[in-house]
2 protein chains.
Amino acid sequence: MSGYGQFCPVAVACEVFAQRWTPLILREIFAGSRHFNEIHRGLPQISRTLLATRLRQLEDAGVVMAGPAVSGGTHEYRLTEAGEEFRPVVEGLGAWGQRWTVRVDTNNLDAGFLMWNLQRRIAVDELPAQHLLVEFRFRGLPERHRGAHIFWLVLSRPDVELCLKDPGTDVDLLVDADLRAFAQFWLGDRSLNEVVSDKSVHLVGRGEWVRAFPSWLLRSHFSAVPR
Amino acid sequence: MSGYGQFCPVAVACEVFAQRWTPLILREIFAGSRHFNEIHRGLPQISRTLLATRLRQLEDAGVVMAGPAVSGGTHEYRLTEAGEEFRPVVEGLGAWGQRWTVRVDTNNLDAGFLMWNLQRRIAVDELPAQHLLVEFRFRGLPERHRGAHIFWLVLSRPDVELCLKDPGTDVDLLVDADLRAFAQFWLGDRSLNEVVSDKSVHLVGRGEWVRAFPSWLLRSHFSAVPR
DNA sequence: CAGTATCCGATGCGATACTG
DNA sequence: CAGTATCGCATCGGATACTG
């Protein structure tokens with residue numbers, strides 16, 4: 001039923017790749033996720049049952065390998081050589097989405113998802129030498145996404161940690177932002193100047209931390225794709 | 001239900017592209033099909049209902065445009081600029097399939113499908129100056145695919161026509177072939193010498209027509225992708 | 001030729017509960 | 001933490017018949 005009955009190379013590739021959720025699972029692995037729960041964090045709306053099924057299918061197709069980590073005992077997923085060669089396809093899909101779609105609407109605004117991705121896009125080399133605690137407060141969340149709206153980022157070179165609970169220590173930089181505007185900034189659709197000027201985003205803290213912010217926050221992988 | 005609830009560019013692109021049959025419909029249009037029945041010939045296993053639905057969805061997403069032909073009155077589908085930019089993604093999928101899968105098995109051996117694609121891959125410039133009638137006879141068809149097994153290709157520069165009924169005139173070249181072996185040759189998995197040597201394929205006709213055959217038959221679009 | 005309307009059945013998928 | 005087993009339903013998609 002999931003087959004196409006054609007020997008065309010596009011058809012056989014689609015039988016592996018073009019299943020529901022599969023391209024996004026690969027996106028997560030390309031982005032650096034290795035463990036089941038890590039992959040699941042990037043795909044909160046997939047059921048664990050279906051995620052397990054898809055990972056098994058990818059394993060059977062020779063796209064990922066599952067097993068104990070090379071160093072250390074935990075179970076992990078790795079890409080095979082064949083899986084690695086899906087990267088240009090996923091990149092191509094992302095580039096297309098960046099160029100041709102309106103990406104932020106009220107159906108997909110999710111602060112937790114944004115922060116999970118953001119935490120993976122920190123330029124560690126650009127961070128200040130000392131420990132930094134950044135608090136993110138989001139306003140304007142749609143009712144349907146009843147997730148958290150306050151997050152803390154603990155930046156301690158070279159470590160980055162995302163917290164959902166107040167770490168308790170002093171906040172060095174507060175990012176107080178309208179969620180939609182911040183997502184548009186994240187995706188490259190609006191500049192930081194723009195969203196700060198119209199007061200959608202407030203950066204509160206010592207001047208040097210405010211100035212450093214756009215240096216270490218890399219934004220979305222696709223933010224540089226031209227429209 | 002078909003959405004992913006994420007503003008990630010990969011996710012929004014997948015909502016358009018990664019539906020069942022959609023990449024193959026785009027492949028057909030990229031390959032040159034313009035009319036509904038033409039697209040359907042390249043996808044014999046999709047129902048007309050579903051093909052119409054998918055084309056409508058692609059139209060709504062701004063990927064194809066439907067309307068009367070620019071020159072002439074018939075209805076036709078054309079790619080928009082956005083649709084054209086899916087081409088590298090489809091190419092990438094085809095290249096992956098060519099490199100990493102076994103493509104010919106008994107579940108997808110379909111002589112009619114092969115001939116429909118073959119007829120689009122003729123190097124018209126390489127054809128002999130005069131009219132040529134080529135007959136293809138396939139052996140070893142799996143029982144489940146009860147399609148035709150004899151086809152005629154009418155080559156009359158610059159026109160190429162595929163016939164399912166005997167045109168009646170004299171055959172200049174007979175291609176008598178095991179279907180599986182010929183499909184493997186078509187896909188670039190085996191050379192013509194190889195399949196002729198082991199008698200899977202017989203070319204019968206005047207020497208000059210036999211020698212010209214591999215010049216004007218271009219094989220699959222992906223046949224040159226390295227394994 | 002180029003589709004649409006309607007019906008119905010298979011299966012994809014989520015929810016819940018459970019295990020090593 | 002990293003999944004699996006089971007159940008039930010929603011929806012996706014095929015078959016058939018019909019239209020401009």
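Lettering of chains follows the sequences in order, A, B, ..., and the numbering in each one begins at 1.
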Exercise for the section: Evaluate the side-chain proximity of A/L24 to B/Q6: yes if any heavy-atom separation is below 4.5 Å, no if none is. Expected result: yes
Practice task
Report the distance from atom CG of A/L51 to atom C1' of C/dG14, rounded to the nearest whole Å.
Solution key: 14 Å
Fill in the blank from the handout: From CG of A/L50 across to P of D/dA2 the rounded distance in Å is 18 Å
Completion exercise
Among the nucleotides D/dG3, D/dA15, C/dT16, whichever has the atom closest to the side chain of A/A52 is D/dG3
Problem - A/F86 and A/F30 aromatic centres sub-6.0 Å - result: no
Exercise for the section: Using a cut-off of strictly less than 4.0 Å, decide whether A/R54 has a side-chain nitrogen or oxygen near OP1 or OP2 of C/dC13. Expected result: yes
Exercise for the section: Go through the side-chain N and O atoms of A/H40 and A/E28 and say whether any donor and acceptor fall under 3.5 Å apart. Expected result: no
Nucleotide N/O to protein N/O under 3.5 Å, stretch nucleotides 18-20 of chain C:
none

Practice task
Just compare D/dG14, C/dT4, D/dT4 and give me whichever is closest to any side-chain atom of B/R56.
Solution key: C/dT4
Practice task
Return the residues of residues 23-38 of chain B meeting this criterion: a heavy atom under 4.0 Å from some atom of DNA chain D. Order them by number, or give none.
Solution key: none
Problem - Short side-chain N/O contact from B/H75 to OP1 or OP2 of C/dC1, under 4.0 Å - result: no
Exercise for the section: Starting from C1' on D/dC1, measure out to CD on A/E76 and report it in whole angstrom. Expected result: 14 Å
Handout entry: Within 6.0 angstrom of A/Q130 CD, more than 12 heavy atoms from elsewhere
Key = yes
Practice task
Working to the nearest 0.5 Å, report the span between CD1 of A/I25 and CD1 of A/I39.
Solution key: 7.5 Å
Handout entry: Atom-pair distance (CZ on B/R41; P on C/dA2), nearest Å
Key = 13 Å
Exercise for the section: Answer with yes or no whether the side chains of A/S33 and A/R41 bring together a donor and an acceptor at under 3.5 Å. Expected result: no
Exercise for the section: Please check the phosphate of C/dG14 (OP1 and OP2 only) for any side-chain N or O of A/R48 closer than 4.0 Å. Expected result: no
Practice task
Determine the interplanar angle of the B/F182 and B/F136 rings, folded into 0 to 90°, and report it as parallel if under 30°, tilted if 30 to 60°, perpendicular if over 60°.
Solution key: perpendicular
Problem - Nearest-neighbour nucleotide for the B/T49 side chain, C/dA5, C/dC13, D/dA5 considered - result: C/dA5
Problem - d(NE2, B/H40; C1', D/dA15) in whole Å - result: 12 Å
Practice task
Look at the rings of A/W216 and A/F213 and say which category their plane angle falls in: under 30° parallel, 30 to 60° tilted, over 60° perpendicular.
Solution key: perpendicular
Exercise for the section: Answer yes if the ring centres of B/H75 and B/Y77 are under 6.0 angstrom apart, and no otherwise. Expected result: yes
Problem - B/Q57 CD to C/dT4 P, straight-line distance once rounded to whole Å - result: 12 Å
Exercise for the section: Tell me, yes or no, whether the heavy-atom count around A/R56 atom CZ, taken from other residues, nucleotides or ligands under 6.0 Å, exceeds 12. Expected result: no
Problem - Dot-bracket encoding per residue of DNA chain C, Watson-Crick/G-U cut-off under 3.5 Å, | denoting interstrand - result: ||||||||||||||||||||
Fill in the blank from the handout: Per atom distances to the A/S47 side chain, the nearest of D/dT4, D/dG3, C/dG14 is C/dG14
Practice task
Could you please name the option among C/dG3, D/dG13, D/dG3 that lies closest to any side-chain atom of B/Y77?
Solution key: C/dG3
